[in-house]
Amino acid sequence: MVLYDELKINPVKQKKTAGGARTTREEELAKLAPLHPIINDILGYRELQKLLSTYIEKMPAQIGEDGRLHAEFLQTGTTTGRMGCQNPNLQNIPIKSEYGRRIRTAFSAPNGRVLAALDYSQIELRIAAGLSGDKKLVQIFKSGGDVHAAVAAQVFNVPPELVDHEMRRRAKVINFGILYGMGVNALRANLGASVTRDEAATYLSEYFKNFSGLARFIEHTKAEAARLGYTETLFGRRRYFAGFKSSIQGLRAQAERMAVNAPMQGTQSDIIKLAMVEADAVIEKRGWRERAELVLQIHDELVYELDEKIAEEAARAIRDVMESVAPRDLLSGVPILAEASMGKDWGTMKKLPR
DNA sequence: TTAGATAGCGCG
DNA sequence: AAAGCGCGCTATCTAA
């Protein structure tokens with residue numbers, strides 16, 4: 001018990017799975033690491049085994065006669081309008097860990113070609129700003145710069161130059177959480193053990209005090225979703241929710257969170273689809289039909305295979321398309337920006353300067 | 001032996 | 001965990 005106290009571990013409150021068993025998921029297991037060295041060994045094993053069984057051992061057998069992996073992209077596979085991908089899923093190829101990124105290097109362009117990855121930067125948060133018209137958030141995006149740092153300055157009420165790393169990190173967690181309809185408890189869990197529930201509550205209230213336009217938009221979205229039974233993206237595409245009719249509070253709350261997220265994730269998926277269509281038209285018009293091919297779509301990112309001779313020009317052109325298909329006038333003037341990077345393989349990409 | 005459910009984890 | 005959104009895949013266990 002002394003040991004537990006010193007380590008600030010509560011031996012009683014162990015998280016349970018849906019089936020009632022004590023969970024062994026990474027986040028909970030990691031808390032036990034100070035108790036025995038085997039914990040970190042187990043977590044390390046888990047990471048490698050996941051990469052091994054899901055990617056390294058499976059992918060080679062799925063390569064076709066043409067030397068390529070052919071996934072199935074589903075155009076009606078999600079509730080929000082995103083694409084799905086299966087057999088194999090190429091939308092979840094590792095990148096976050098060191099070993100994961102190494103797996104990505106196995107995806108490479110044939111001779112004479114390069115891969116170009118073009119991704120929208122913070123697009124869902126920009127859409128949140130644009131749809132809500134929140135004055136401060138719109139201004140932050142209009143003036144460019146670091147959105148997480150700028151939000152930190154507001155939430156923690158300090159001048160921008162006094163925003164430190166930890167404040168920025170916390171603001172980033174909050175920014176992401178907003179997009180998912182996150183509440184106080186989830187926010188606290190994501191901010192880490194050093195933050196109390198009261199602190200998390202304060203952050204959330206400071207956030208919505210500063211970004212009151214966004215707060216109103218979120219409340220309006222919930223209310224309309226409950227009243228009408230659906231939400232709409234910027235382009236009017238609807239998603240219906242059955243949960244609001246439920247007599248079970250948990251299901252109604254879940255419907256609210258889904259409804260908050262749907263317009264933002266949905267508008268994002270609309271925009272990248274417009275970009276895919278328009279980029280194809282540009283490729284045709286520029287005579288690049290045989291020299292520029294879309295190979296992957298990963299929600300906010302397009303991956304093209306480009307002939308080396310036109311790679312930079314084509315990447316810039318596609319980037320311009322991605323940025324211009326987003327109707328800025330309908331998004332409170334918030335700019336939608338995309339970044340391009342290129343390389344021989346997917347794990348080693350170099351950013352393309354503007 | 002197979003199908004379905006569960007736990008866990010890869011990605012945006 | 002999920003009172004944090006959206007996916008698909010693997011390993012494992014249970015039931016048929």
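Taking the side chain as every heavy atom from C-beta outward, A:Leu294 and A:Ile283 never approach each other to under 4.5 Å. The shortest distance between side-chain heavy atoms of A:Leu90 and A:Phe107 falls below 4.5 Å. In this structure, the side chains of A:Pro327 and A:Phe235 come closer than 4.5 Å at one or more pairs of heavy atoms. No side-chain heavy atom of A:Leu234 sits under 4.5 Å from any side-chain heavy atom of A:Asp270. Inter-residue side-chain proximity for A:Gln254 and A:Leu251 is flagged as met; some heavy-atom pair is nearer than 4.5 Å. A:Arg169 places none of its side-chain heavy atoms less than 4.5 Å from the side chain of A:Lys172.
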Applying the Watson-Crick and G-U criteria (both distances under 3.5 angstrom) with [ ] for crossing and | for other-strand pairs, one obtains for DNA chain C ....||||||||||||

Between the protein and nucleotides 14-16 of chain C, which nitrogen or oxygen pairs come in under 3.5 angstrom?
none

Quick one: which protein N/O atoms are closer than 3.5 Å to N/O atoms of nucleotides 10-12 of chain B? Pair and distance per line, please.
from   : atom 1 : to       : atom 2 : distance (Å)
B:dG10 : N2     : A:Asn92  : ND2    : 3.2
B:dG10 : N3     : A:Asn92  : ND2    : 2.9
B:dC11 : OP1    : A:Ile95  : N      : 2.8
B:dC11 : OP1    : A:Lys96  : N      : 2.7
B:dG12 : O3'    : A:Ile298 : O      : 3.2
B:dG12 : O3'    : A:Asp300 : N      : 3.4
B:dG12 : O3'    : A:Asp300 : OD1    : 2.4
B:dG12 : O3'    : A:Asp300 : OD2    : 3.2
B:dG12 : N2     : A:Arg82  : NH1    : 3.1
B:dG12 : N2     : A:Arg82  : NH2    : 3.4
B:dG12 : N3     : A:Arg82  : NH1    : 3.0
B:dG12 : N3     : A:Arg82  : NH2    : 3.4

Legend entry - side-chain contact (heavy atoms from CB on, under 4.5 Å) evaluation trace for A:Arg319 with A:Arg354: CA-CA 10 Å; A:Arg319 183 180 65 196; A:Arg354 288 191 175 266; 3.8 Å; yes

Salt bridge (Lys or Arg N to Asp or Glu O under 4.0 Å), that's the test. Do A:Arg170 and A:Glu199 meet it? Break it down for me.
CA-CA 11 Å; A:Arg170 293 182 184 188; A:Glu199 283 174 320; 5.2 Å; no

Could you walk me through whether A:Glu293 and A:Arg113 pass the side-chain contact (heavy atoms from CB on, under 4.5 Å) test, one step at a time? CA-CA 10 Å; A:Glu293 286 173 318; A:Arg113 292 190 167 197; 2.8 Å; yes

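Atoms CD (A:Gln254) and P (C:dA2) sit 11 Å apart, rounded to a whole Å. Atom pair A:Leu29:CG and B:dC9:C1' shows a separation of 13 Å (rounding to whole Å applied). Rounding to whole angstrom units, CZ of residue A:Phe241 and C1' of C:dC5 are separated by 10 Å. Between the CG atom of A:Leu43 and the C1' atom of B:dG8 there is a distance of 12 Å, rounded to whole Å. As rounded to whole Å, 13 Å separates atom P of B:dG8 from atom CD1 of A:Ile42. In this structure, the CD atom of A:Gln49 is 12 Å from the P atom of C:dT10, given to the nearest Å. Distance A:Leu125 CG to C:dC5 C1': 14 Å, rounded to the nearest Å. A:Glu72 has its CD atom 15 Å from the C1' atom of C:dC7, to the nearest Å.
Listed candidates were C:dA11, C:dA2, C:dC9. Nearest to the side chain of A:Ser53 is C:dA11. Which of C:dA2, C:dG8, C:dA11 sits closest to the side chain of A:Gln86 comes down to C:dG8. Taking only side-chain atoms of A:Asn261, from C-beta outward, the nucleotide of C:dG6, C:dA11, C:dA3 with the closest atom is C:dG6.
Annotation: ring-ring contact (aromatic ring centres under 6.0 Å, His included) contacts of A:Phe73 (sequence neighbours excluded): none.
A:Leu302 CG to A:Leu296 CG: the interatomic distance, rounded to the nearest 0.5 Å, is 9.5 Å.
A side-chain donor-acceptor contact under 3.5 Å links A:Gln249 and A:Arg252.
A:Asn87 comes within 4.0 angstrom of sugar-phosphate atoms only, judged by non-hydrogen atoms across all strands, and of no base. Heavy atoms of A:Gly19 sit under 4.0 angstrom from primed sugar atoms or phosphate atoms, though from no base atom. Within the 4.0 angstrom heavy-atom criterion, only backbone atoms of the sugar-phosphate kind lie near A:Leu74; the bases stay farther away. Residue A:Thr24 is classed as a sugar-phosphate contact, given heavy-atom separations below 4.0 Å to backbone atoms only. Using a 4.0 Å heavy-atom cutoff across all strands shown, A:Ala18 reaches sugar-phosphate atoms only and no base atom.
Taking the P atoms as reference points, B:dT6 lies 12 Å from C:dA2, given to the whole Å.
The stretch residues 229-240 of chain A touches DNA chain C through A:Arg239, each having a heavy atom within less than 4.0 Å of the strand.
Ring geometry for A:Phe156 against A:Tyr203 counts as perpendicular: the plane angle is over 60°, on a 0 to 90° scale with 30° as the lower cut.
Remark on DNA chain C: of its neighbouring residues A:Glu27 and A:Thr78, the 5'-side contact belongs to A:Glu27, judged by nearest-heavy-atom nucleotide. Along DNA chain C, the nucleotide nearest A:Lys16 and the nucleotide nearest A:Gly183 are compared for position; the residue whose nucleotide lies closer to the 5' end is A:Lys16.
The hydrophobic cluster containing A:Phe241 also includes A:Phe244, A:Met258, under a criterion of side-chain heavy atoms closer than 4.5 Å among ILVMFWY residues, counted directly or through chains of members.
For B:dG8, the OP1/OP2 oxygens have no side-chain nitrogen or oxygen of A:Arg25 closer than 4.0 Å.
In the hydrophobic cluster analysis, where Ile, Leu, Val, Met, Phe, Trp and Tyr join through side-chain heavy atoms closer than 4.5 angstrom, A:Leu337 is grouped apart from A:Val325.
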